[in-house]
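Reviewing the structure listed below.
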Amino acid sequence: MHRRIIVPSALAASLTLAIPASADAGGPGVSPGELSVPGAPGIGDSYYPASGNGGYDVSHYDLRLKYEPATDLLEGTATILATTKQNLSRFNLDLGLKVSEVRVNGRVAKFAASGAHELEVTPAVPLERNKEISVVVRYAGKPSEFKVDGWSAWARTPDGGVAAQEPDSAVWWFPSNDHPLDKATFDVSVSVPAGHQAISNGVLQSQSTALGRTRFNWRSDKPQATYLATLAVGKFDITTDRTANGLPVLNAYSKDLGAHAGAARASIERTTEVAEWLETVFGPYPFNSLGGYVPNVTSGFALETQTRPFYSPRQFANGANVSVVVHELAHQWYGDSVSVRDWKDIWINEGFARYSQWLWSEKEGEGTAQELADYVYALRGADDPFWTVKPGDPGPENQFHGAVYDRGALALQALRNEIGDEDFFAILKGWPKQFAYGNARVADFVRYAERVSGEPLAELFDTWLYEPSKPAAPAAAAAGLSAPAAPRTTAKAGAGAKAAAKPVQPKSWKKIAATNTVHDHERGHDHESGHEGHGGH
């Protein structure tokens with residue numbers, strides 16, 4: 001699920017744009033005496049400085065697309081509604097496909113490609129601060145042929161193509177301000193050959209067939225980060241339902257999943273059940289639809305694409321695994337509704353999604369969260385590099401390292417033991433409500449937990465999220481963690497066997513560990529699918 005597409009060479013090229021040779025004088029629509037200057041080519045992320053863009057805030061994307069599965073040709077007209085945040089002489093969008101025309105407020109604008117995927121747009125007249133604008137971009141290309149450092153977030157399938165990746169996938173199929181800080185609502189309309197389907201986020205508003213083509217119109221009506229937007233074209237078996245509360249449920253399975261088909265369906269058809277249980281943990285489901293889809297891709301990861309998570313068939317190679325569904329659906333609250341302000345804050349996504357798997361295990365009687373925490377703590381010695389990764393700020397190279405998941409979940413169990421179940425579960429429900437549809441940092445969570453519990457928690461979080469070493473036994477004991485008892489050994493086995501005995505493994509451990517590739521985008525192994533290294537974005 002996670003590989004950053006900005007590479008050093010591209011980053012250097014794009015950052016040069018941040019220092020204009022000269023600022024344009026104020027023009028029509030710009031207050032006298034004020035300068036209009038280019039918007040920054042990056043939004044200011046600490047891990048990925050060239051990610052996103054500055055100078056404006058998008059409120060809505062309207063994407064009208066046509067896709068040809070046989071040739072991988074994607075043609076698009078994107079209408080972007082935004083508000084300027086400064087006087088702008090020029091601004092950037094993120095897009096990798098070839099642009100034929102750009103209009104700003106209805107007037108033809110100049111444009112130029114730069115860096116790895118920057119589109120520099122110069123409107124006919126400078127734009128005044130705090131004004132609503134419309135940007136129309138016409139573009140086309142074959143997404144599979146666009147690569148950054150030899151890597152692609154677009155996967156071709158035997159019958160179509162799929163855009164799903166973290167932290168970037170948008171540049172392969174639509175122009176955007178590509179960072180979670182700039183969320184927007186989406187309308188996605190896709191024309192495909194009759195007999196194919198187009199899957200995207202939210203609710204299917206309508207579909208119609210004429211002249212051998214079918215158009216699917218999707219709407220995602222709550223703020224959505226660009227990397228959480230998804231598109232899949234292919235031949236799918238589709239199941240639909242409604243939840244007890246009336247939300248539409250749509251699941252889609254490639255017709256050619258082969259031996260994985262049964263296990264995939266047995267897992268994803270439990271989406272409604274899992275979501276209803278998660279509502280008891282995290283509060284009301286935050287979006288307008290539910291579901292999931294499994295295209296015939298060769299990757300092994302899963303991704304929390306908003307309202308409709310993406311699952312690779314390989315997630316079900318060893319049979320059904322509801323734990324991965326729990327993980328991706330937990331992200332709808334933690335990661336999708338409440339998103340990172342900066343990619344270094346990834347723990348507020350992944351630590352909570354992993355802990356939700358521990359809570360599911362507890363509910364299913366397959367090992368309590370405490371037993372899983374004890375097992376994780378005892379599993380690795382103090383000299384294991386696992387403990388050098390800081391979940392609260394892991395660095396871009398370790399953003400999806402296993403420690404962000406497992407050590408991140410350990411931090412939550414330590415918090416639970418410190419403040420008690422009443423306050424802990426109040427926090428799990430209150431946090432998504434407090435920051436609904438917005439962005440937050442790790443520090444925001446620490447302050448929120450302190451406010452709800454009335455206890456000072458900075459030292460606890462520093463120990464479990466920021467110290468690059470295994471918390472010592474006293475700290476673990478204070479957090480209620482201990483090494484699980486080893487299996488009994490016979491007298492005949494002797495002391496050597498006792499020394500070699502391993503901690504007791506909770507029954508759910510293998511299913512949870514199987515999702516450790518859920519966010520592995522396999523960039524180092526398969527440039528067509530991308531990879532991170534851990535389970536379930």
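Note that the structure is predicted; figures quoted are calculated from it, not measured. FYI, the numbering just counts along the sequence from 1.
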*Indicate yes or no: at least one non-hydrogen side-chain atom of N349 is less than 4.5 angstrom from one of F352.*
no
_Classify the ring geometry of F435 against W431: parallel below 30°, tilted from 30° to 60°, perpendicular beyond 60°._
tilted
*Taking atom CG of N105 and atom CG of L127, what is their separation to the nearest 0.5 Å?*
6.5 Å
*Rounded distance (nearest 0.5 Å) linking atom CZ of R354 with atom NE2 of H327*: 6.5 Å
*How far apart are the closest heavy atoms of S312 and S299, and which atoms are they?*
OG-OG, 2.8 Å
*Residue pair S267 / A320: nearest heavy atoms and the distance that separates them*: OG-CA, 3.3 Å
*asked:* Let me confirm one number: the CG-CZ distance from D336 to F287, rounded to the nearest 0.5 Å.
replied: 5.0 Å
_Residue from W218, W173, Y293 passing side-chain hydrogen bond (donor to acceptor under 3.5 Å, both in side chains) with T230_ = Y293
*Would a 4.5 Å heavy-atom cut-off, applied to side chains only, mark R90 and E120 as touching?*
yes
*Quick one: pull up CG in L247 and CG in L290 and give me the separation to the nearest 0.5 Å.*
6.0 Å
*asked:* Could you measure the distance from the CG atom of N251 to the OG1 atom of T272? Nearest 0.5 Å is fine.
replied: 7.0 Å
*Which pair of heavy atoms, one from D178 and one from A170, lies closest together, and at what distance?*
OD1-CB, 3.9 Å
*List the steps, then state whether side chain to side chain contact (heavy atoms under 4.5 Å, CB included) holds for N53 with F91.*
CA-CA 8 Å; N53 306 287; F91 61 90; over 6 Å; no
*CD of Q207 to OG of S191: how many Å apart, nearest 0.5 Å?*
12.0 Å
*Under 6.0 Å from the six-membered ring centre of F186 and within 45° of its axis: does the NZ or CZ of R219 meet both?*
no
*Can any side-chain N or O of H196 pair as donor or acceptor with the backbone N or O of P69 at less than 3.5 Å?*
no
